Protein chains: 2
Amino acid sequence: MGTVGKAISLLELFSVAEPELGLSDLSRRSGFDKATTRRLLVALTGHGFVEQDAGTRHYRLGAGLSRLARIREARFPFLQTAVPLVRELATATAETVHLSEFGIDRLVTVHVEHPSWANRVNVDIGQLLPLHSTASGIAYMAFARDETVKACLAGPLDAFTAHTLVEPAAISRSMDEARERGYSICDQGLEEGVISVAAAILTADGFALGTIAVAAPKARTAAADIAQRGLAVMAAAREISMRLNGDNLQILRRQA
Amino acid sequence: MGTVGKAISLLELFSVAEPELGLSDLSRRSGFDKATTRRLLVALTGHGFVEQDAGTRHYRLGAGLSRLARIREARFPFLQTAVPLVRELATATAETVHLSEFGIDRLVTVHVEHPSWANRVNVDIGQLLPLHSTASGIAYMAFARDETVKACLAGPLDAFTAHTLVEPAAISRSMDEARERGYSICDQGLEEGVISVAAAILTADGFALGTIAVAAPKARTAAADIAQRGLAVMAAAREISMRLNGDNLQILRRQA
DNA sequence: GATATCCGGTTCATTATTTGAACCATTATT
DNA sequence: AATAATGGTTCAAATAATGAACCGGATATC
């Protein structure tokens, strides 16, 4: 791995659950020497990608990241556009709704709305979702470029639960169904007791750039609920796609 | 400069005005060799910090940045908290309102609301503001750590206009006034014909983490307007600080 | 209250990575 | 048809990254 890769993988050790980490911790988890880790942190700090707490001397993600993320957002107002509709969908369904964007080979959770239930599906911002074992992933692949789908089906397909689909053919079928239906369904593919529906959000070229999904405990989900949530998530995804692409319906033919 | 520094400075070439750049362009502007530039871009792309347009082959900032920025935001909900108040202030003043966060040695613009006037002050997201020559910078330094202030006053103090304060003593006085008044005023310090007021947003330890500012064309700004905007921006800053710090008023003594 | 660990941070000879001029293959311009 | 861009690649030479051992200080542990 090159040096920049190492630096970035240091950044990726931070999460919502652990937003601040010490030098030794970072060194241990990354597997890099303490001296190396520190040198990388200093470089990152110098450009505002990392900040160091003056008191605890622990490190956290820096404002430079927010800056670049905002520049990206300005060009590509995915969050701004989508968040209101995520909120709407969350109130309408009273279940967890999460929004993801594709990155490299997985989906990145960029926004979440949780219901007030104590028993709910919890999703963290920044959480990474595999393509083959989540409703979001299936919905995404149903409208992704062939190469992306091929890469996913070729790669290792982990079975997270007894229900996870690991046969390329089965996954492919699941994608076809999602395309016809307008939304994907994933029954406990990533975790026992969780059932999700998702729909793809499309760019102007008709390919998916992300997804919106509703995730709920299976215990309080009847067949009718799935259909209802599916239609709602589909409508939300379409609305977001249209707002992003200037109501250019013609381009959305693939989804219809 | 180390390799990670180079990689990051590549990222910093992207802006709201130029969100997509080609390989040669990046190589030219960064001063790095084309081969080096590309190797860095490949490394960045591999971690989702950069994406390449399939058609134009141009590069743009990637989703990985959004992910990390959101993780940061989750711990430190500066934007979420502040944006509604920025909006309010923008409608109340009918002028440009911008929100900044401190990074390394300058303020980073993280949110902007523009009025509907054709003649308005334009500020871009991601724009960097020097500390000594902006209302935001003065407001920030009025509540910054001594080391930050010292570093700023020691460094080169560019005169952007004939009105820019470049004497450390004058800048220091300006900070004192801002502290007493509750908001800073900067009269054409960065650009001719622009007058701004700003107030610091404080963390729980009483130090500034960012600022909120109102910027307007001097042509339509009377003395009374300045006072009015100043009080409004001060109130907004205080409200944001309180919401961030859980209404812990005691800690805000420094500002009062 | 002394001992042993942890911590963040630093050093410098060894080692591995980064570098860049010259090189393609394509795609606009002229 | 020629020219000059573009994105992308190669490999010996130059440079930067590495990590074991080190320091001083703060916390546990006995």
Side-chain angles (χ1 to χ4, degrees), chain A residues 1-15 17-62 72 75 104 145 147-148 151 205 207, chain B residues 1-15 17-62 72 75 104 145 147-148 151 205 207:
Chain A
M1 195 193 310
T3 318
V4 308
K6 291 184 193 172
I8 295 178
S9 62
L10 271 188
L11 295 176
E12 313 212 301
L13 293 175
F14 295 94
S15 64
E18 297 185 298
E20 295 203 331
L21 296 166
L23 173 60
S24 301
D25 236 356
L26 285 164
S27 163
R28 231 176 291 113
R29 296 185 198 211
S30 63
F32 309 145
D33 187 272
K34 201 153 47 105
T36 302
T37 306
R38 186 165 140 74
R39 207 164 22 73
L40 294 173
L41 286 170
V42 169
L44 291 166
T45 307
H47 287 263
F49 272 36
V50 158
E51 290 166 357
Q52 185 172 31
D53 190 291
T56 65
R57 314 237 97 195
H58 282 197
Y59 298 90
R60 73 173 96 88
L61 296 175
R72 181 181 149 80
R75 142 124 270 221
I104 322 173
R145 293 191 156 74
E147 54 208 89
T148 311
D205 58 10
F207 291 104
Chain B
M1 193 192 311
T3 319
V4 308
K6 290 183 193 174
I8 295 177
S9 60
L10 271 188
L11 296 175
E12 312 213 301
L13 294 174
F14 296 94
S15 65
E18 298 185 297
E20 296 201 333
L21 296 166
L23 173 60
S24 300
D25 236 356
L26 286 163
S27 163
R28 231 177 289 115
R29 297 186 197 208
S30 63
F32 308 145
D33 186 272
K34 201 152 48 104
T36 302
T37 306
R38 187 164 141 73
R39 206 168 23 75
L40 294 172
L41 285 170
V42 168
L44 290 166
T45 307
H47 287 263
F49 273 35
V50 158
E51 290 166 357
Q52 185 171 29
D53 189 291
T56 65
R57 315 238 93 195
H58 282 197
Y59 298 89
R60 73 172 96 88
L61 298 174
R72 181 182 149 79
R75 142 122 269 219
I104 321 173
R145 291 192 156 75
E147 53 209 90
T148 311
D205 57 10
F207 290 105

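The shown structure was predicted, so the numbers you read here are calculated from the model rather than taken from an experiment. In the text below, chain A, chain B and the rest are named by the order of the sequence lines, each starting its count at 1.
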| task | Heavy atoms under 4.0 Å is the rule here; annotate nucleotides 7-16 of chain D 5' to 3' with B where the base is hit, S where only the sugar-phosphate is, and - elsewhere. | result | BBBB-----S
| said: Nearest 0.5 angstrom please: Ser27(A) OG to Leu10(A) CG, how far? | reply: 9.0 Å
| Once you round to the nearest 0.5 Å, how far does OH of Tyr59(A) lie from OG1 of Thr37(A)? |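 So the OH of Tyr59(A) and the OG1 of Thr37(A) are separated by 9.5 Å.
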Nearest-Å distance, [atom1] ([X]) to [atom2] ([N])?
X        : N      : atom1 : atom2 : answer
Asp53(A) : dG9(C) : CG    : P     : 11 Å
Phe32(A) : dG8(C) : CZ    : C1'   : 19 Å
Arg29(A) : dC7(C) : CZ    : P     : 11 Å

| Pairing partner (Watson-Crick or G-U wobble, both distances under 3.5 angstrom) of dT30(C) | dA1(D)
| query | Can you tell if the side chain of Phe14(B) reaches within under 4.5 Å of the side chain of Leu26(B), non-hydrogen atoms only? | reply | yes
| 4.5 Å side-chain heavy-atom contact, Ser24(A) and Lys34(A) |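 Counting from C-beta outward, Ser24(A) and Lys34(A) do come under 4.5 Å.
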| said: Test: salt bridge (Lys or Arg N to Asp or Glu O under 4.0 Å). Region: residues 17-26 of chain A. Which pairs qualify, not counting sequence neighbours? | reply: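 Sorted pair list: Glu18(A)-Arg29(A), Glu20(A)-Arg60(A), Glu20(A)-Arg75(B), Asp25(A)-Arg28(A), Asp25(A)-Arg29(A).
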| request: Determine: side-chain N/O of Thr36(B) to OP1/OP2 of dG20(C), distance under 4.0 Å, yes or no. | output: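 Checking Thr36(B) against dG20(C): at least one side-chain N or O falls below 4.0 Å of OP1 or OP2.
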| said: Could you walk me through whether Leu40(A) and Thr3(A) satisfy the side-chain contact (heavy atoms from CB on, under 4.5 Å) test, starting with their C-alpha distance in whole Å, then the side-chain angles of each, then the deciding distance to 0.1 Å, before giving a yes or no? | reply: CA-CA 8 Å; Leu40(A) 294 173; Thr3(A) 318; 3.8 Å; yes
